[in-house]
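For reference, positions follow the sequence shown, starting with 1.
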Amino acid sequence: MSFPLIQNLFRPHATLVAGFVLAFAPAISRAQGEFPPDSPEHQALTAASPFLGDEAFTLRQDYWRGKISPTTGRAVKLQFFKRNVYQLFFGATPADLPPKSKLFLHIYDAENQEVAKAEGEMGAAAVALEFNNTLASGIYLVLMRIESLPGPFAASDVPSVMFYGWK
């Protein structure tokens with residue numbers, strides 16, 4: 001799959017294309033259990049739960065929060081350092097997900113090459129991606145998207161979040 005607009009995001013003075021938003025929510029100050037079970041935060045943190053007890057794992061305190069529809073994805077630029085192993089957790093509000101949809105995470109390098117990808121289970125409200133950065137330190141593009149069957153829910157905005165951390 002090719003994303004021609006991604007190339008422009010890596011140019012030095014590029015303007016972010018409409019539809020690509022980088023918005024970080026305030027610091028995470030609540031535990032997973034304090035988010036309602038139907039929230040996207042709860043879904044993403046549930047996917048992250050196997051890593052949260054590992055003292056070597058650091059969960060970033062800022063996270064992306066916004067809305068995504070099956071007709072539009074969202075992308076954020078993140079700096080990843082060589083030799084770190086990154087875990088990304090993309091969650092959506094279960095009640096707002098179109099039936100039989102899937103969540104996807106993609107990571108692209110500065111040359112517009114996909115270096116990691118994760119595909120969620122059909123109907124699941126979260127997906128996790130591990131990226132072992134053996135490549136190089138630098139800016140990477142993380143693309144979040146929802147794939148669903150055509151129909152009336154295909155244009156619905158779905159509240160979503162993405163957390164990430166590293167070892």
Side chains of [X] and [Y], heavy atoms from C-beta outward: is any pair under 4.5 Å?
X	Y	value
Leu59	Leu45	yes
Met162	Leu105	yes
Leu129	Val142	no
Leu97	Leu103	yes
Asp96	Ser156	no

Roughly how far, to the nearest 0.5 Å, is [atom2] of [Y] from [atom1] of [X]?
X	Y	atom1	atom2	value
Ile107	Leu143	CD1	CG	10.5 Å
Glu119	Arg145	CD	CZ	8.0 Å
Asn84	Trp166	CG	CH2	8.0 Å
Phe35	Thr46	CZ	OG1	11.0 Å
Thr93	His42	OG1	NE2	12.0 Å
Gln87	Lys167	CD	NZ	8.0 Å

Under the 3.5 angstrom rule, does the side chain of Thr58 hit a backbone N or O of Gly165 as a donor-acceptor pair?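 Looks like no, no N/O pair under 3.5 Å.
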Judged by atom type as modelled, is there a donor-acceptor pair below 3.5 Å linking the side chain of Ser160 to the main-chain atoms of Val158?
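Yes: the side chain of Ser160 pairs with the backbone of Val158.
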Minimum heavy-atom separation for [X] and [Y], please, with both atom names.
X	Y	answer
Val161	Glu41	CG1-OE2, 3.6 Å
Ile68	Thr72	CG2-O, 3.2 Å
Val127	Gly120	CG2-N, 3.5 Å
Pro70	Pro98	CG-CG, 3.7 Å
Ala47	Pro50	O-CD, 3.4 Å
Val76	Met144	CG1-CE, 4.3 Å

Q) Quick check: are there more than 12 heavy atoms from other residues, nucleotides or ligands sitting under 6.0 Å from CD of Gln79? A)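 Yes, because the 6.0 Å sphere around CD of Gln79 holds more than 12 heavy atoms from other groups.
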Q) Same cluster for Phe104 and Phe131 if Ile/Leu/Val/Met/Phe/Trp/Tyr side chains link at under 4.5 Å? A)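 As far as the 4.5 Å side-chain criterion goes, Phe131 and Phe104 are not connected within one cluster.
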Check: Phe163 ring centre within less than 6.0 Å of Tyr63 ring centre =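 When the ring centroids of Phe163 and Tyr63 are compared, they turn out to be within the sub-6.0 Å range.
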Out of the candidates Phe80, Phe81, Phe51, Tyr140, only one should pair with Tyr86 under the ring-ring contact (aromatic ring centres under 6.0 Å, His included) rule; please name it.
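Among the candidates, only Phe80 passes.
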